[in-house]
Amino acid sequence: MESKLKKLGFQGSEKLKTAPLKHSIKSVVKFLKENISEDDHRPAISLGLGDPSCFNCFRTTTVAEDAIVEAVRSAKFNSYAPTGGIFIARRAIAEYLSNDLPYQLSPDDVYVTVGCKHAMEVMVKVLARSEANILLPSPGYRIYETFANSHHLEFRHFDLLPEKGWEVDLDAVEAIADENTIAMVIINPGNPCGSVYSSEHLKKIAETARKLGILVIADEVYGHIVFGSKPFVPMSFFGSTAPVITLGSISKRWMVPGWRLGWLVTSDPTGLLKKCGIADSITNVLNPSPISPTFVQAAVPKILEKTTEDFFSKTIDLLRSASDFCYDKLKEIPCITCPQKAEGAMFVMVKLKVSLLDDVEDDTEFCLKLAKEESLVILPGLTVGLKNWLRITFAVEHSSLEDGLGRLKAFCQRHAKEP
Ligand SMILES: *Cc1c(COP(=O)(O)O)cnc(C)c1O
């Protein structure tokens, strides 16, 4: 058997060395963690992944926990759920999203998925056609590229502009689109940049999409996680200008990524998506695919409707002060510049001036040495598409953030070039 497997190309894994661009965020973080020295008696700190659910201060609300327990105990939700999700979950998601819209979504617009990541894959599969292409943001969330590759959907990148609060370079979008472009993806609030788009910018995105005849896929997994001056406005607010497909989940706002409940919603007041068969195509793709646990779906109405404002405001306050603290501490480090303080989500992108450092070639080497010498994990920008930048997660408990940023500063001082 071994020789057959080898012949078929199963020849051990491709080892990650210094080319994280080809690898997922998770595998890069794992690789960096493996490089932490055993001789360092300080605890390892990771500002690499965005999963605050392991910290006590970010524990989800008891409303959500009770809703799950109640659904399990009722013994009414032990069966397979239908494709697209159970009605009460779809209705609750439609209501939840309609609160922010000038029109009403129907439960028929909603497809329950196994988290937002599953919704992303479903959407890529729906759009995959031999000639078609989609436009993706850079820097971005690279699982879109991974899914597009595995389903043979061509993608092209447009830049986000750091000096403009990471807004979409709409001229670039127009320049790279052609007659086979069917969609563009925006992530708002943004991963990896912590950006929040104004209503005016979203309107311009919708107008550009209309002009190009493409749909907008709005990844709003961080919806409502905003703590700067701009409110969260959903892309689907402009759904009558261009059709929008909204992707989301309870993973981030409720801090329960392990519960695997997300959604894909056609926000299409003009009915174009239905007319073109996109809605049917979504059902066809979902039919053979896994479905979120029925009892988690059954808990959705209570989770969305009964969570109290104080849970949300507590989380937002924690993230705001973490973002402020991070911004202030980073200002003390000469080789790092932060063009834009994070106003949403859980991350900030900062530029690394390697020319000010002695023995560091690029962001990847920087992060590798940082893990080895300081037991601190930070994501190299290359992993999200931007070389010589860093993505820092600040959604961790305060003591880790303070300690982590202190180690980052010490590392940069130690490696600074002599003036
Ligand atoms: C975390 C994340 C997702 C995945 O969300 P899940 O609900 O956990 O699958 C999707 N998009 C972006 C931009 C994310 O940061």
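Start at 1 and go down the list; that is how both ligands and their atoms are numbered. Quick caveat, the model's predicted, so the values are computed rather than measured.
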Return yes or no for this condition: an N or O of Y222 is under 3.5 Å from an N or O of ligand 1.
yes
Once the angle between the rings of H415 and F411 is folded into 0 to 90°, is it parallel (under 30°), tilted (30 to 60°) or perpendicular (over 60°)?
tilted
Does any N or O atom in S251 lie less than 3.5 angstrom from one in ligand 1, N or O only?
yes
Numbering the atoms of ligand 1 from 1, which are under 4.0 Å from a heavy atom of I187?
13 (C)
Short side-chain donor-acceptor distance under 3.5 Å, Q104 and E95
yes
Using only heavy-atom distances, determine whether the side chains of N188 and H201 contain a donor-acceptor pair under 3.5 Å.
no
Should the ring pair Y96 and W263 be called parallel, tilted or perpendicular, given that the plane angle runs from 0 to 90° and is split at 30 and 60?
perpendicular
Looking only at protein heavy atoms, which one is nearest to atom 2 (C) of ligand 1, and what is the separation?
K252 NZ, 2.5 Å
Quick check on contacts: which atoms of ligand 1 are under 4.0 angstrom from a heavy atom of S249?
7 (O)
If we number the atoms of ligand 1 from 1 as shown, the ones under 4.0 Å from a heavy atom of G115 are 7 (O), 9 (O)
For Y141, is at least one N or O under 3.5 Å away from an N or O on ligand 1?
no
For ligand 1, which part of H118 has a heavy atom less than 4.0 Å away: the side chain, the backbone, both, or neither?
neither
Flag for N191-R391: side-chain donor and acceptor within less than 3.5 Å
yes
Before we go on, tell me: are the rings of Y327 and F394 under 6.0 Å apart, centre to centre?
no
Verify the neighbour count for atom NZ of K203: are there more than 12 heavy atoms of other residues, nucleotides or ligands below 6.0 Å?
no
Any nitrogen or oxygen of V221 lying under 3.5 Å from a nitrogen or oxygen in ligand 1? Just yes or no.
no
Given F312 and W254, is the ring-ring contact (aromatic ring centres under 6.0 Å, His included) satisfied, shown in steps?
CA-CA 8 Å; F312 295 134; W254 276 268; 5.4 Å; yes
To which of R260, E220, K117, M346 does the heavy atom nearest atom 8 (O) of ligand 1 belong?
R260
Looking only at protein heavy atoms, what sits closest to atom 13 (C) of ligand 1 is D219 OD2, 3.4 Å
Please write down residue, atom name and distance for the protein heavy atom closest to atom 5 (O) of ligand 1.
C116 CB, 3.4 Å
